[in-house]
Colleague: 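The structure's right below; bear with me while I get my questions together.
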Amino acid sequence: MKKAVITGLTGQDGSYLAEFLLSKGYEVHGLKRRVSSLNTSRVDHIYQDAHESGARLLIHYADLADGPSLTRLMNEIEPDEVYNLAAMSHVRVSFEVPESTADITALGALRILDAAWRAAPRCRYYQASSSEMFGAAPPPQSENTRFHPRSPYACAKLFAHTVTVNYREAYQVHASSGILFNHESPRRGETFVTRKVTRAVARIKRGLQDKLFLGNLNARRDWGYAPDYVEAMWLMLQQDEPDDYVIGTGEAHSVREFVEKAFAHVGLDWRDYVAIDPRYERPAEVDYLLADCTKARRQLGWEPKVNFEQLVRLMVDADLAECDSGNRTPLLATHAMS
């Protein structure tokens, strides 16, 4: 039985990846940062108590800011595969907490990579890189596009990406990076623009909310479905040689298009409900991200299965179901762009 470690287990990607690896017969060790409130809702349905016979999802407390905790766990587990998905991942918020973003997203990646390599030199390592690293680079963006990051988050991700390349070249670590373009799902955090939109659409349709406040509606993104993307992560670590891969759909749509389709799905005109708030705009915008994922299609045999319109509909439907189930939590002030 292969053993895999996932940092960021309780996030969107971590939960889908845990499901995927369990379906492949792995023993999965998820790393979770200690917080005062429970935040395991995305993995509660697959969690088994460690005392139960045959439990294959085990949760450990660790923190990317705490190198010794990572070293201890890597020595205990001796994993076959490590997937580093944890980060301070909200782009707009990274302008407000740049030092924390750098510590967790950049140095945290270095800590887990170094701990994994020293504890299990033959383990395979996946780094969750980001299309935000391309920033102002003209589309479409491929593995050969020059990076031009436009936020503290993107700069931190670029450090993590390049240090992964460095360990691959210096120590022959089987370390690969997935340069993932925006990928969404009903498990997306509510402060990210796609989920902010679909949740608001559901609440407005059900009479629980009056307005949706957003920032830049013109930004264009290549949006895909998160479960499709975790399969690409796994495929990278099954290759004979490590490498870096751009993962996306090859289609870009504006925030305005996402909003329009989400409201149209429930029979509403978005212009009646959306207002612009400049506070939600970034100090330095990324205008247009579009993936050229020719390499992933050719070398990994990977293809996205869910298209843009399907993604919008399934997210809206999930938020409608959440409203109807009675989960009507208060709306928090949130930033517009992820």
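Here the structure is a predicted model, which is why all the values come from computation and not from measurement.
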Colleague: Using a strict threshold of under 4.0 Å (side-chain N to carboxylate O), is an ion pair present between E260 and R256?
Modeller: no
Colleague: List the steps, then state whether side-chain contact (heavy atoms from CB on, under 4.5 Å) holds for F263 with D272.
Modeller: CA-CA 10 Å; F263 275 95; D272 295 332; over 6 Å; no
Colleague: Tell me whether H174 contacts the main-chain N or O of C123 through its side chain, where contact means a donor paired with an acceptor under 3.5 Å.
Modeller: no
Colleague: Does Y16 have R187 sitting over its ring (NZ/CZ under 6.0 Å from centre, angle to axis within 45°)?
Modeller: yes
Colleague: Which atoms form the tightest heavy-atom contact between S142 and V246, and what is the distance?
Modeller: C-CG2, 3.7 Å
Colleague: Nearest 0.5 Å, what's the CG-CD distance between L300 and Q238?
Modeller: 10.5 Å
Colleague: When you measure from the side chain of K157 to the backbone of S131, do you find a donor-acceptor pair of N or O atoms at a distance under 3.5 Å?
Modeller: no
Colleague: Would you mind reporting whether Q12 and H183 have side-chain heavy atoms less than 4.5 Å apart?
Modeller: yes
Colleague: Residues two or more places apart in sequence or in another chain: which of them pass salt bridge (Lys or Arg N to Asp or Glu O under 4.0 Å) with K205?
Modeller: none
Colleague: Among residues two or more places apart or on two chains, list those pairs meeting salt bridge (Lys or Arg N to Asp or Glu O under 4.0 Å) that have a residue in residues 77-86.
Modeller: K2-E81
Colleague: Taking the inter-plane angle between the rings of Y126 and Y83 on a 0 to 90° scale, is it parallel (under 30°), tilted (30 to 60°) or perpendicular (over 60°)?
Modeller: tilted
Colleague: Suppose the criterion is salt bridge (Lys or Arg N to Asp or Glu O under 4.0 Å): which pairs have a residue in residues 242-252, not counting sequence neighbours?
Modeller: R168-D244, D243-K295
Colleague: So, R56 side chain and Y26 main chain: donor-acceptor pair closer than 3.5 Å or not?
Modeller: yes
Colleague: Can you name the nearest heavy-atom pair linking Y229 to N182, along with the distance?
Modeller: OH-O, 4.2 Å
Colleague: Report yes if some heavy atom in the side chain of P79 is under 4.5 Å from a heavy atom in the side chain of M74; otherwise report no.
Modeller: yes
Colleague: Can you check whether L214's main-chain N or O pairs, donor with acceptor, with D277's side chain at less than 3.5 Å?
Modeller: no
Colleague: Okay, side chain of Q209, backbone of K211: is any donor-acceptor separation there less than 3.5 Å?
Modeller: yes
Colleague: Given 3.5 Å as the limit, does a donor-acceptor pair link the side chain of K196 with the main chain of F213, or not?
Modeller: yes
Colleague: If you take all heavy atoms of L290 and A252, which pair is closest and at what distance?
Modeller: CD1-N, 3.6 Å
Colleague: So, for V43 and S15, which heavy atoms are closest and what is the spacing to 0.1 Å?
Modeller: CG1-CB, 3.7 Å
Colleague: Under 4.5 Å between any side-chain heavy atoms of Y225 and L314, yes or no?
Modeller: yes
Colleague: Could you tell me whether E132 and R282 have a side-chain N and a carboxylate O separated by less than 4.0 Å?
Modeller: yes
Colleague: Measure up the F308 and F258 rings against each other and bin them: parallel (under 30°), tilted (30 to 60°), perpendicular (over 60°).
Modeller: perpendicular
Colleague: Salt bridge check: are R118 and D114 linked by an N-O gap of less than 4.0 Å?
Modeller: yes
Colleague: Is the shortest side-chain heavy-atom distance between S151 and V91 below 4.5 Å?
Modeller: yes
Colleague: Starting at CG of L70, measure out to CG of N75 and round the result to the nearest 0.5 Å.
Modeller: 11.0 Å
Colleague: Is K261 salt-bridged to E257, going by a charged N under 4.0 Å from an acidic O?
Modeller: no
Colleague: In Å and rounded to the nearest 0.5 Å, what is the CG to CZ distance from L311 to R188?
Modeller: 10.5 Å
Colleague: May I ask you to decide if I179's main-chain N or O and S129's side chain share a donor-acceptor pair within less than 3.5 Å?
Modeller: no
Colleague: Would one find more than 12 heavy atoms of other residues, nucleotides or ligands at under 6.0 Å from atom CD of E241?
Modeller: no
Colleague: Tell me, do W223 and T249 make a side-chain contact under 4.5 Å, heavy atoms counted?
Modeller: no
Colleague: Does the pair V28 and K3 meet the rule for a side-chain contact (heavy atoms from CB on, under 4.5 Å), with working shown?
Modeller: CA-CA 6 Å; V28 177; K3 291 186 288 185; over 6 Å; no
Colleague: Output yes when a side-chain donor or acceptor of W302 lies under 3.5 Å from a complementary backbone atom of C293, and no otherwise.
Modeller: no
Colleague: In Å and rounded to the nearest 0.5 Å, what is the OG1 to CD distance from T198 to E190?
Modeller: 9.0 Å
Colleague: Do E285 and N216 meet the criterion of a side-chain donor-acceptor pair at a distance under 3.5 Å?
Modeller: yes
Colleague: Which one of L212, I204, D269 satisfies the side-chain contact (heavy atoms from CB on, under 4.5 Å) criterion with V274?
Modeller: L212
Colleague: For G135 and L289, which heavy atoms make the closest approach, and how far apart are they?
Modeller: O-CD2, 4.1 Å
Colleague: Check residues 97-107 and write down every donor-acceptor pair under 3.5 Å in which the side-chain atom is one partner and the other belongs to a residue at least two apart or another chain.
Modeller:
from: T101; atom 1: OG1; to: V97; atom 2: O; distance (Å): 2.8
from: D103; atom 1: OD1; to: R111; atom 2: NH1; distance (Å): 3.2
from: D103; atom 1: OD1; to: R111; atom 2: NH2; distance (Å): 2.8
from: T105; atom 1: OG1; to: M88; atom 2: N; distance (Å): 3.1
from: T105; atom 1: OG1; to: M88; atom 2: O; distance (Å): 3.4
from: T105; atom 1: OG1; to: T101; atom 2: O; distance (Å): 3.1

Colleague: If the threshold is 4.0 Å, N to carboxylate O, is there a salt bridge linking D324 and R206?
Modeller: yes
Colleague: I need the L58 CG to H29 NE2 distance, nearest 0.5 Å.
Modeller: 5.0 Å
Colleague: Is it true that a side-chain atom of T7 and a backbone atom of A86 form a donor plus acceptor pair closer than 3.5 Å?
Modeller: yes
Colleague: Regarding D222 and H253, is there a side-chain donor-to-acceptor distance under 3.5 Å anywhere?
Modeller: no
Colleague: Test side-chain contact (heavy atoms from CB on, under 4.5 Å) on V197 and V312; report intermediate values, then the result.
Modeller: CA-CA 10 Å; V197 169; V312 175; over 6 Å; no
Colleague: Let me confirm one number: the CG-CD distance from D317 to E322, rounded to the nearest 0.5 Å.
Modeller: 13.0 Å
Colleague: S177 and T164: which non-hydrogen atoms are nearest, and at how many Å?
Modeller: OG-CG2, 3.6 Å
Colleague: Could you tell me if Q127 and Y125 have a donor-acceptor pair between their side chains, going purely by distance under 3.5 Å?
Modeller: yes
Colleague: What pairs meet the salt bridge (Lys or Arg N to Asp or Glu O under 4.0 Å) rule with one or both residues in residues 137-147, with sequence neighbours excluded?
Modeller: none
Colleague: Who passes salt bridge (Lys or Arg N to Asp or Glu O under 4.0 Å) against K24, sequence neighbours left out?
Modeller: none
Colleague: Test the R195-F192 pair against the cation-pi criterion, namely NZ or CZ under 6.0 angstrom from the six-membered ring centroid and within 45° of the ring axis.
Modeller: no
Colleague: Backbone N or O of F20 within a donor-acceptor pair of the E231 side chain at under 3.5 Å?
Modeller: no
Colleague: I'd like to know whether F181 forms a side-chain contact (heavy atoms from CB on, under 4.5 Å) with R221, so could you lay out the CA-CA distance, the side-chain angles of the two residues, the decisive distance to 0.1 Å, and finally the verdict.
Modeller: CA-CA 8 Å; F181 283 61; R221 295 291 185 270; over 6 Å; no
